[in-house]
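Everything on this sheet refers to the single structure shown next.
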Protein chains: 2
Amino acid sequence: MTPTLMAQEIAQQPAAIERTLDALLPARDELRTLAAGRRQVVLAARGTSDHAALYARYLLEVHARLGAASAAPSLATHYDVARDLDDTLVVSLSQSGATEDVVAFQRWARRHGARTVAIANEAASPLVEEADIGLVTRAGRERAVPATKSYTAQLTAVAVLADALGPSRASFASRLRQVPEAVASCLATRAGVDGAVAALIGSDHLLVTGRGIVFGTALEVALKLEETCLQPVRGLSYADLRHGPIAVVDADTTVLVIAPGDGPMVGSLADLAADLARRGATTIAVGGDPRVQAVCDRAVAAPALPELLAPLGLIVPAQLVVEALARARGFDPDAPRGLSKVTRTEPVG
Amino acid sequence: MTPTLMAQEIAQQPAAIERTLDALLPARDELRTLAAGRRQVVLAARGTSDHAALYARYLLEVHARLGAASAAPSLATHYDVARDLDDTLVVSLSQSGATEDVVAFQRWARRHGARTVAIANEAASPLVEEADIGLVTRAGRERAVPATKSYTAQLTAVAVLADALGPSRASFASRLRQVPEAVASCLATRAGVDGAVAALIGSDHLLVTGRGIVFGTALEVALKLEETCLQPVRGLSYADLRHGPIAVVDADTTVLVIAPGDGPMVGSLADLAADLARRGATTIAVGGDPRVQAVCDRAVAAPALPELLAPLGLIVPAQLVVEALARARGFDPDAPRGLSKVTRTEPVG
């Protein structure tokens with residue numbers, strides 16, 4: 001059987017990350033100069049790119065100690081607010097570099113004094129051409145509709161940006177260089193993937209949760225499950241889950257708990273997993289440390305990376321689960337119903 | 001039959017809004033002085049309060065032209081990041097004034113130079129006692145677990161804050177004074193509520209959508225439906241819905257479209273509703289203009305308020321639908337399973 005395009009592109013990620021590091025690490029000095037004196041970072045993105053933006057938000061706040069937040073593109077596209085953005089760096093993310101309201105937001109931000117960095121997989125795109133600095137990822141052409149290698153390449157660009165804007169003595173470039181090998185090793189073993197698929201195949205009520213640096217990963221896993229398995233799947237932060245939706249967790253619920261292997265979040269994610277288990281849910285750890293894995297019904301192994309870089313690894317075994325689950329349910333992961341590769345926020349015509 | 005506590009508290013909202021306006025409008029000069037020179041607003045909240053914070057985010061950006069974004073409380077509670085917040089106003093929202101990670105975030109922000117405003121319904125609470133300015137809402141005691149009047153009182157405080165920080169020539173205090181009467185009129189007519197309940201009662205897959213200023217309302221309606229009807233309900237922005245989850249919209253889906261009666265979002269919300277209808281979904285407009293209502297299967301009337309104040313009105317008919325739907329499904333809206341009045345983000349003990 002020929003592997004699906006999605007499976008092939010998942011397997012291409014170590015090389016895509018490596019090429020992207022080679023291309024972008026040399027841009028760090030230029031990025032540092034561009035961002036000098038800018039205390040606020042605003043991140044503009046939609047869909048999967050917005051999940052990479054959420055990683056950027058936490059990484060820039062925790063590592064680079066800047067204020068960082070998601071943009072509301074409608075400020076530009078609908079409200080056309082007059083703002084003074086001379087303290088702001090706008091970072092826009094779009095695989096195609098053509099997402100209309102992200103392009104519109106970047107134009108609006110430039111008009112109001114922002115400096116701009118665009119992260120896109122297409123050099124010949126309005127987002128890159130109009131930005132002060134374009135960080136062009138090197139994922140190569142992606143043919144399956146669900147984004148995989150283009151997403152990890154975006155995360156790589158985000159990590160390079162945070163390294164550039166963070167304290168130079170705390171550079172994690174050498175750790176970044178270890179990511180391709182850690183991902184390749186995870187792809188080779190697929191530890192826990194089949195067990196997770198078996199636990200998920202009959203589940204009607206799926207949740208994905210995470211916290212802090214890996215929260216964006218949880219949202220991305222939820223979106224990929226939903227796109228490929230045509231079933232509503234929610235991604236919720238630890239806190240949001242506790243503030244309401246946990247009431248609907250019961251024995252019919254399966255929860256994927258996305259957890260880094262170290263850092264300040266691991267304990268609370270282990271407590272959450274134990275609470276979910278007490279409510280009768282089936283729990284599957286993706287990553288995590290022995291505490292998290294001990295309280296979950298199943299565990300999927302993730303690449304061994306420190307918390308600040310964990311999102312580059314954690315998504316990979318989750319992609320393996322998603323691809324295998326879609327096939328097991330009789331769907332074509334390469335071409336989910338109702339989606340096309342470039343999403344327009346505004347209806348056409 | 002005695003009305004439920006939730007029904008009684010829904011009915012108390014015109015008075016709660018009026019009392020809150022009386023108490024807080026005089027604080028506007030003090031708020032303006034406190035915020036002078038602060039260009040960034042960071043909003044800290046959880047659950048329902050976070051939906052009021054989302055209104056604050058848009059209103060402060062659109063009306064007061066400040067940068068505004070949600071806090072990540074874990075920056076304080078778990079990562080303990082050292083930041084310079086001397087350009088920042090932190091606004092914290094919690095009905096009890098005791099939500100632990102919101103209190104911790106405010107403490108952290110003060111330590112790092114932020115000025116602070118707390119919005120809470122309890123004057124004798126750590127959040128209010130430790131803030132530079134406490135905006136104490138006057139909802140009165142709330143006994144039903146689902147927040148209703150305490151939420152509209154929070155929205156009222158948010159509107160007063162935005163009025164204080166916005167351009168004085170564009171003050172909307174006089175429009176705010178009209179809110180209690182507009183809400184009372186909506187409560188008296190209940191137009192469209194029974195029809196919406198009939199459409200929702202058998203639906204297994206519920207979505208709630210909104211955009212811009214009213215996006216927070218959509219999230220709040222989704223949470224209230226989920227809490228009281230013990231069914232997973234998603235709140236999605238217009239853009240997020242288009243970027244993926246729209247693929248799972250089909251004839252089994254019922255969508256509540258929360259729409260203001262005017263402003264730049266109405267056309268796109270009408271287009272979205274038409275698209276959802278083409279995919280076979282049952283659509284229910286809450287508010288909206290004649291374009292939105294014409295393309296939806298059902299319409300629930302909302303108080304007549306301009307877009308910037310629409311969230312204070314739109315939630316009210318939605319609360320009526322939620323309360324009636326819970327009863328029609330045999331649930332007790334006052335005491336949903338699995339929830340208590342004060343939610344802790346960290347497990348106790």
Side-chain angles (χ1 to χ4, degrees), chain A residues 39-40 42 46-48 50 57-58 61-62 65-70 72-75 78-85 87-88 101 205 211-212 223 226-227 230-232 234 238-240 242-249 263-265 268 271-272 275 279 336-339 343-347, chain B residues 39-40 42 46-48 50 57-58 61-62 65-70 72-75 78-85 87-88 101 205 211-212 223 226-227 230-232 234 238-240 242-249 263-265 268 271-272 275 279 336-339 343-347:
Chain A
R39 296 175 62 178
Q40 299 296 326
V42 172
R46 293 296 194 190
T48 289
D50 206 24
R57 186 251 161 103
Y58 278 92
E61 294 222 62
V62 171
R65 299 183 180 179
L66 296 166
S70 291
S74 62
L75 294 179
H78 287 73
Y79 295 110
D80 196 19
V81 176
R83 281 275 305 282
D84 181 356
L85 298 174
D87 61 348
T88 301
D101 54 354
H205 184 205
R211 192 172 197 192
L223 181 61
E226 176 158 287
E227 284 178 346
L230 299 177
Q231 175 184 342
R234 285 203 294 181
Y238 170 96
D240 291 337
R242 285 212 177 272
H243 281 259
I246 203 161
V248 299
V249 169
M265 293 307 180
S268 63
D271 292 341
L272 176 67
D275 186 6
R279 291 168 189 262
R337 183 191 75 180
L339 287 177
T343 308
R344 293 171 183 273
T345 297
E346 293 299 329
Chain B
R39 296 174 61 177
Q40 299 295 328
V42 171
R46 294 295 194 191
T48 289
D50 205 25
R57 186 251 162 103
Y58 278 92
E61 294 222 62
V62 171
R65 299 182 180 179
L66 296 167
S70 291
S74 62
L75 295 179
H78 287 73
Y79 294 110
D80 196 20
V81 176
R83 281 276 305 282
D84 180 356
L85 298 173
D87 62 346
T88 301
D101 54 354
H205 184 204
R211 192 172 197 193
L223 181 62
E226 176 159 286
E227 285 179 345
L230 300 177
Q231 175 183 341
R234 284 202 295 181
Y238 170 96
D240 290 337
R242 285 212 176 273
H243 281 260
I246 203 162
V248 298
V249 169
M265 293 306 179
S268 62
D271 292 342
L272 175 66
D275 187 5
R279 292 168 189 262
R337 182 191 73 180
L339 288 177
T343 308
R344 294 172 183 272
T345 297
E346 294 299 329

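Letters A, B, ... mirror the listed sequences (proteins, then strands); counts begin at 1.
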Part of A:D80 within contact of chain B (heavy atom distance under 4.5 Å)
neither
Heavy-atom nearest pair, B:G212 first then A:Y79, reads CA-OH, 3.8 Å
For B:P232 and A:H205 the tightest heavy-atom approach is CG-NE2, 3.4 Å
For A:A82, is it the side chain, the backbone, both, or neither that has a heavy atom closer than 4.5 Å to a heavy atom of chain B?
both
Looking at every heavy atom in both B:R65 and A:R83, which two are closest together, and how far apart are they?
O-CD, 3.0 Å
Side-chain contact test, heavy atoms from C-beta onward, threshold under 4.5 Å: evaluate it for A:Q40 versus B:R39 and give yes or no.
no
Gap between atom CZ of B:R57 and atom OG of A:S70 - 0.5 Å precision
7.0 Å
Looking only at heavy atoms and a cut-off of under 4.5 Å, which of A:D87, A:D275, A:L75 has the most pairs with chain B?
A:D87
Which value, rounded to the nearest 0.5 Å, describes the distance between B:M265 atom CE and A:S74 atom OG?
3.5 Å
Please classify the contact between A:D84 and chain B as side chain, backbone, both or neither, with a heavy-atom cut-off of under 4.5 Å.
both
Heavy atoms, side chains only, cut-off 4.5 Å: are A:R242 and B:R46 in contact?
no
